[in-house]
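Counting from 1, the numbers follow the sequence of the chain as shown. What you see is a predicted model; the values in this text were computed from it and never measured.
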Amino acid sequence: METPHASRPYMPGYGIQGPAEGSGLLPWSWAAERLASARNYWVVSVRPDGRPHSMPVWGMWDDGQLLFTSSVRSRKIRNLQADPRCVVSTEDAKDPVIVEGTAAIITDLERIGRVLELMNDKYGTSIEASFLDPAVNATVAVRPRQVISMRHGDFTGSPTRWTFDA
């Protein structure tokens, strides 16, 4: 995975300190650890009429992508097929990690098998391969374009934005 460029996000009116003040810019490893260890994630997609749609999912952070599954008939998958831009956030509002990225449906059976292995390991389940049949359930990879995070204990001195090459 590429190392993203770190900077302060633009947050006017919040008294955000310079990048060398407060805690300084957070290391990418801080965000990656939280993305890997979160149990649940919120996926926000856009409905055909432009309204946002937000749903919780199980997910796995692997090789610089957030992976999750959902029924091919679900609103979120239909939204992502029409417009792959999305936001995925960890469930922890005190130390959030917010991923702005692009979703892609995985169809390669070897990659789907890897997602199944990650899911069973992380959640202690014994889900069988048939569950991720691409005709029934979509397997999604969200590649980040930008990630924003901050620490609860240093709101003005920790906000960090990581940007990834297109």
Same apolar cluster: Val97 and Met11, side chain cutoff 4.5 Å: no
Within-4.5 Å side-chain heavy-atom neighbours: Phe155 and Ile16: yes
Hey, are the side chains of Leu66 and Val99 touching, using non-hydrogen atoms and a 4.5 Å cut-off? no
Any side-chain heavy-atom pair of Leu25 and Pro159 under 4.5 Å: no
More than 12 heavy atoms from other groups under 6.0 Å of CZ on Arg34: yes
Do Trp58 and Lys122 touch side chain to side chain, with heavy atoms closer than 4.5 Å? no
Kindly indicate whether the side chain of Val147, heavy atoms from C-beta on, has any atom under 4.5 Å from the side chain of Pro4. no
Determine whether Arg8 and Thr160 make a side-chain contact, defined as any pair of heavy atoms from C-beta on separated by less than 4.5 Å. yes
Could you go through Asn137 and Ser71, starting from their C-alpha distance and side-chain angles, then the distance that decides it, and tell me whether this counts as side chain to side chain donor-acceptor pair (under 3.5 Å)? CA-CA 4 Å; Asn137 285 307; Ser71 168; 4.6 Å; no
Under a single-linkage definition using a 4.5 Å side-chain heavy-atom cutoff for Ile, Leu, Val, Met, Phe, Trp and Tyr, are Ile112 and Val136 assigned to the same hydrophobic cluster? no
When rounded to the nearest 0.5 angstrom, what is the spacing between OG in Ser74 and CE in Met55? 8.5 Å
Whether the side chain of Asp154 engages the backbone of Ser23 through a donor-acceptor N/O pair (distance < 3.5 Å, no angle test) should be reported. yes
Is there a donor-acceptor contact under 3.5 Å from the side chain of Arg78 to the main chain of Arg73? yes
If you round to the nearest 0.5 Å, how far is CD1 of Ile148 from CD of Glu100? 5.5 Å
Point-to-point distance, once rounded to the nearest 0.5 Å, from CG of Leu35 to OH of Tyr41: 6.5 Å
Distance (rounded to the nearest 0.5 Å) between Ser7 OG and Gln146 CD: 8.0 Å
Please check this pair: side chain of Gln17 against backbone of Gly22, looking for a donor-acceptor N/O pair closer than 3.5 Å. yes
Quick check: are there more than 12 heavy atoms from other residues, nucleotides or ligands sitting under 6.0 Å from CZ of Arg145? no
As a quick check of understanding, evaluate side chain to side chain contact (heavy atoms under 4.5 Å, CB included) for Phe68 and Lys76, giving each step before the final call. CA-CA 11 Å; Phe68 69 92; Lys76 70 179 142 306; 4.1 Å; yes
Tested for side-chain contact (heavy atoms from CB on, under 4.5 Å) against Leu67, the lone hit among Leu118, Val57, Val142, Thr139 is Leu118
Does the gap between the ring centers of Trp28 and Phe164 come in under 6.0 Å? yes
Charged N-O contact under 4.0 Å between Asp49 and Arg51: yes
State, yes or no, whether a side-chain contact exists between Thr69 and Phe131 at a heavy-atom distance under 4.5 Å. yes
Starting from Val115, can I reach Leu80 by hopping between I/L/V/M/F/W/Y residues whose side chains sit under 4.5 Å apart? yes
From Asp83 CG over to Arg47 CZ, what is the distance, rounded to the nearest 0.5 angstrom? 14.0 Å
If two hydrophobic side chains count as joined below 4.5 Å and joins carry through other members, does Trp61 share a cluster with Ile98? no
Does the side chain to side chain contact (heavy atoms under 4.5 Å, CB included) test come out yes or no for Ile105 and Val140, once each step is laid out? CA-CA 5 Å; Ile105 307 295; Val140 180; 3.8 Å; yes
Do you reckon Ile106 sits in the same ILVMFWY cluster as Leu116, going by side-chain contacts under 4.5 Å, direct or chained? yes
